[in-house]
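These notes concern the structure reproduced below.
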Amino acid sequence: MFVVVSYDIKDDRRRGKIFKTLKNFGQWVQFSVFECDITKVDYLRMRDRLEKQIKAEEGDSIRFYFLCENDIEKIERIGGIEPLPEDAIVL
């Protein structure tokens, strides 16, 4: 499954923890936005960890947008760095 995750976290420390968690599951593409090509099990793990880290009562929020294959092919970008393919090896 391909999931775009965006977040708005008020506290810098909590935002850093959210960033580190998401970095384990996806690719950082913009401030507070990750693209995650993950299995359903990994999605549930990620969601569980994120839910434990936020404080909704303080205004934190995280949104998950699920894209199908057709939607992924339609992603358009202007500027920024083109995300690496999942099987890319960075040395």
Side-chain angles (χ1 to χ4, degrees):
M1 72 179 14
F2 193 90
V3 185
V4 176
V5 182
S6 68
Y7 55 94
D8 185 11
I9 307 298
K10 307 299 180 197
D11 180 75
D12 290 341
R13 189 168 177 209
R14 282 198 310 274
R15 188 179 324 108
K17 289 181 179 179
I18 295 294
F19 178 87
K20 286 180 183 176
T21 297
L22 286 169
K23 204 167 180 182
N24 290 327
F25 291 96
Q27 184 169 8
W28 182 44
V29 292
Q30 290 187 339
F31 286 113
S32 303
V33 178
F34 276 80
E35 292 178 348
C36 306
D37 191 7
I38 56 177
T39 64
K40 174 102 178 171
V41 171
D42 281 341
Y43 167 73
L44 293 172
R45 282 190 193 122
M46 176 181 72
R47 183 184 162 85
D48 182 59
R49 289 182 194 171
L50 294 172
E51 193 169 4
K52 290 175 181 171
Q53 293 172 344
I54 70 165
K55 291 191 176 181
E57 67 277 8
E58 293 185 21
D60 293 350
S61 69
I62 300 176
R63 292 176 181 247
F64 305 93
Y65 301 93
F66 299 89
L67 302 181
C68 68
E69 287 294 322
N70 291 336
D71 293 329
I72 295 168
E73 293 173 6
K74 295 177 186 173
I75 295 173
E76 294 184 19
R77 294 175 180 83
I78 299 175
I81 298 170
E82 188 77 22
L84 297 172
E86 284 296 316
D87 56 350
I89 298 173
V90 179
L91 301 174

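Computed over heavy atoms, backbone and side chain alike; hydrogens, waters and symmetry mates excluded.
- The neighbour count for Glu69 CD, taken as heavy atoms of other residues, nucleotides or ligands under 6.0 Å away, does not exceed 12.
- Test Gln53, Arg15, Arg63 against Tyr7 for side-chain contact (heavy atoms from CB on, under 4.5 Å) and you get one pass: Arg15.
- Hydrophobic cluster membership is shared by Val29 and Tyr65, with clusters built from Ile, Leu, Val, Met, Phe, Trp and Tyr side chains linked at under 4.5 angstrom.
- In terms of hydrophobic clustering, with Ile, Leu, Val, Met, Phe, Trp and Tyr side chains grouped at heavy-atom distances under 4.5 Å, Trp28 and Ile9 are assigned to a common cluster.
- In the hydrophobic cluster analysis, where Ile, Leu, Val, Met, Phe, Trp and Tyr join through side-chain heavy atoms closer than 4.5 angstrom, Phe66 is grouped together with Leu44.
- Remark: Glu76 CD is loosely packed, at most 12 non-hydrogen atoms of other residues, nucleotides or ligands lying under 6.0 Å away.
- Closest approach of Met1 to Thr39, counting heavy atoms only: SD-O, 4.2 Å.
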key: Criterion salt bridge (Lys or Arg N to Asp or Glu O under 4.0 Å) on Arg45 and Asp48, from CA distance to verdict   = CA-CA 5 Å; Arg45 282 190 193 122; Asp48 182 59; over 6 Å; no
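- Of the candidates Phe25, Phe19, Phe2, Phe34 forms a ring pair (Phe, Tyr, Trp, His ring centres under 6.0 Å) with just one, namely Phe19.
- Residues Val5 and Cys36 share a closest heavy-atom pair of CG2-SG, 4.1 Å.
- No more than 12 heavy atoms of other residues, nucleotides or ligands shown are found within 6.0 angstrom of CZ on Phe31.
- A distance of 14.0 Å separates NZ in Lys17 from CZ in Arg49, rounded to the nearest 0.5 Å.
- In the hydrophobic cluster analysis, where Ile, Leu, Val, Met, Phe, Trp and Tyr join through side-chain heavy atoms closer than 4.5 angstrom, Ile62 is grouped apart from Leu67.
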Start with the C-alpha distance between Lys10 and Asp8, add both sets of side-chain angles, then the distance that settles salt bridge (Lys or Arg N to Asp or Glu O under 4.0 Å), and finish with yes or no. CA-CA 7 Å; Lys10 307 299 180 197; Asp8 185 11; 3.4 Å; yes
- Test side chain to side chain contact (heavy atoms under 4.5 Å, CB included) on Met46 and Leu22 and set out the steps. CA-CA 7 Å; Met46 176 181 72; Leu22 286 169; 3.6 Å; yes
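- Under the 4.5 Å side-chain criterion, counting only non-hydrogen atoms from C-beta, Asp60 is in contact with Arg14.
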Check your understanding: For Asp37 and Ile72, what are the C-alpha separation, side-chain angles and deciding distance, and is it a side chain to side chain contact (heavy atoms under 4.5 Å, CB included)?
Key -> CA-CA 10 Å; Asp37 191 7; Ile72 295 168; 6.0 Å; no
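- Using a 4.5 Å cut-off between side-chain heavy atoms of Ile, Leu, Val, Met, Phe, Trp and Tyr, with links allowed through other members, Val4 and Ile18 fall into different hydrophobic clusters.
- To the nearest 0.5 angstrom, Asn24 atom CG is 10.0 Å from Asp42 atom CG.
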